[in-house]
Amino acid sequence: MSAETIRVSEIFGPTIQGEGALIGLPTVFVRTGGCDYRCSWCDSLHAVDSAYRDQWIPMAVDAIWQEVTKLSGGRPMTVSLSGGNPAIQPLGPLIELGHSQGYRFALETQGSVARDWFRDLDVLVLSPKPPSSGMLTDWGEIDNCLRLTAGGPEIALKIVVFDDADYAFAQQAGERYPYIPLFLQPGNHTPPPPDDDDACIDIDGVMDRMHWLVEKVTADRWFAARVLPQLHVLLWGNKRGV
């Protein structure tokens, strides 16, 4: 893939942002293909697993932008850059082009790769992966992400919580970065297979975890944390493209 193209898994919307700092905000999504992590509970394996690499389309910035403006009707709105890990793609020129037309850009990444163009974003959500993911967080690299964005975008932390170990990890992140808004969300323990977005989802189980998480936060008097659901999961389950 040349530096002028971006591996794209899917472009869809407008819909709402389903989680984190921008929950409920009308958004067009550009989901890139490829990731340097392989989380045990990944809910977007179609954009992560190399077995689906043949479905990721190398697209020029102009081609991506034509699709975004078509979906948005040419009306400036927020574009969410997701993945996989979008930080491994050359997204700087896309952000520059979109800004020239009045669009805003939000990006979510685990913080494993820091990029100079992060400072050009409007919102950067860092989502370090907790122990249940099977991945290890490099806090030094997250520090690099923050250093590169100094004076730039709004920053938020978002951490998925499945169990007590994940909760302790989230507390560690909150203590390390007390000046950054922190969002917690209950994990989806029934993520879809990559080729079946109609797979059943245990909504009752997800809501039980939500109740548990709210009770943990309030019992601990952890008033800096914000607990939110994955709104798109509650509305559409595991369905893709919404």
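- The OG atom of S50 lies 7.5 Å from the CZ atom of R38; values are rounded to the nearest 0.5 Å.
- Interatomic distance, OG1 of T149 versus CG of D116, reported as 11.0 Å (0.5 Å rounding).
- Distance CE/M207 to CG/L234: 6.0 Å, rounded to 0.5 Å.
- The shortest non-hydrogen separation linking K158 to S127 is O-OG, 2.9 Å.
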Check against side-chain contact (heavy atoms from CB on, under 4.5 Å), H46 and E10: CA-CA 10 Å; H46 62 288; E10 55 186 336; 2.8 Å; yes
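- T27 is not listed as a side-chain neighbour of T15, based on a closest heavy-atom distance of 4.5 Å or more.
- When all heavy atoms are compared, the tightest approach of I159 to A170 is CD1-CA, 3.7 Å.
- A distance-only check finds a donor-acceptor pair linking the side chain of T137 to the backbone of K129 [under 3.5 Å].
- R31 contributes a side-chain N or O that, together with a main-chain N or O of G83, makes up a donor-acceptor pair within less than 3.5 Å.
- Taken from CD1 in I11 to CD in E67, the straight-line distance is 5.5 Å, to the nearest 0.5 Å.
- Side chains of D122 and Y103: a donor-acceptor N/O pair is absent below 3.5 angstrom, by distance only.
- V160 and I142 fall into different hydrophobic clusters, where Ile, Leu, Val, Met, Phe, Trp and Tyr are joined by side-chain heavy atoms under 4.5 Å apart, directly or via other members.
- Considering only heavy atoms from C-beta on, V28 comes within 4.5 Å of M77 through its side chain.
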L148/R115 under side-chain contact (heavy atoms from CB on, under 4.5 Å): CA gap, chis, key distance, verdict: CA-CA 7 Å; L148 289 174; R115 298 295 190 197; 5.6 Å; no
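- Taken to the nearest 0.5 Å, the CG atom of L107 stands 12.0 Å off from the CG atom of D120.
- Linking ILVMFWY side-chain heavy atoms closer than 4.5 Å, directly or via other members, places Y177 and L121 in a single hydrophobic cluster.
- Side-chain contact, T190 with D202: no donor N or O sits under 3.5 Å from an acceptor N or O.
- Between D138 and S112 there is no side-chain heavy-atom pair separated by less than 4.5 Å.
- Note that CZ of R119 and CZ of R147 are 8.5 Å apart. Values are rounded to the nearest 0.5 Å.
- Under the 4.5 Å side-chain criterion, counting only non-hydrogen atoms from C-beta, I64 is in contact with V8.
- Taking all atoms of both residues into account, the shortest heavy-atom contact from M210 to L228 is CE-C, 3.7 Å.
- Looking at heavy atoms from C-beta onward, L94 lies out of side-chain contact with V68 at the 4.5 angstrom threshold.
- We find that D163 and R209 are not joined by a salt bridge, their nearest charged nitrogen and carboxylate oxygen being 4.0 Å or further apart.
- Between V217 and V227, the shortest heavy-atom distance links the atoms CG2-CG2, 3.8 Å.
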From CA spacing to verdict: side-chain contact (heavy atoms from CB on, under 4.5 Å), R104, T78: CA-CA 5 Å; R104 288 170 51 85; T78 294; 4.0 Å; yes
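- Between Q110 and M135 there is no side-chain heavy-atom pair separated by less than 4.5 Å.
- The shortest distance between side-chain heavy atoms of S133 and Y37 does not fall below 4.5 Å.
- Using a 4.5 Å cut-off between side-chain heavy atoms of Ile, Leu, Val, Met, Phe, Trp and Tyr, with links allowed through other members, F118 and Y179 fall into the same hydrophobic cluster.
- In this structure, P86 and L81 approach most closely via the heavy-atom pair CG-O, 3.6 Å.
- Checking D220 against T218 by side-chain atom types alone, no donor-acceptor pair falls below 3.5 Å.
- Annotation for Q230 and P186: closest pair OE1-O, 4.3 Å, computed over non-hydrogen atoms.
- Ring pair F105/W117: centre-to-centre distance not below 6.0 Å.
- Under a hydrophobic-cluster definition in which Ile, Leu, Val, Met, Phe, Trp and Tyr are linked whenever side-chain heavy atoms come within less than 4.5 Å, directly or via other members, L91 and V125 are assigned to different clusters.
- For Q101, the CD atom sits in a packed shell: over 12 heavy atoms of surrounding residues, nucleotides or ligands are nearer than 6.0 Å.
- One hydrophobic cluster holds both L97 and I6 under the rule that ILVMFWY side chains link at heavy-atom gaps under 4.5 Å.
- In this structure, R176 places its CZ atom where more than 12 heavy-atom neighbours from other residues, nucleotides or ligands lie under 6.0 Å away.
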Worked check of side-chain contact (heavy atoms from CB on, under 4.5 Å) between L184 and L182: CA-CA 7 Å; L184 308 180; L182 173 61; 4.1 Å; yes
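- Under the 4.5 Å side-chain criterion, counting only non-hydrogen atoms from C-beta, V233 is not in contact with D43.
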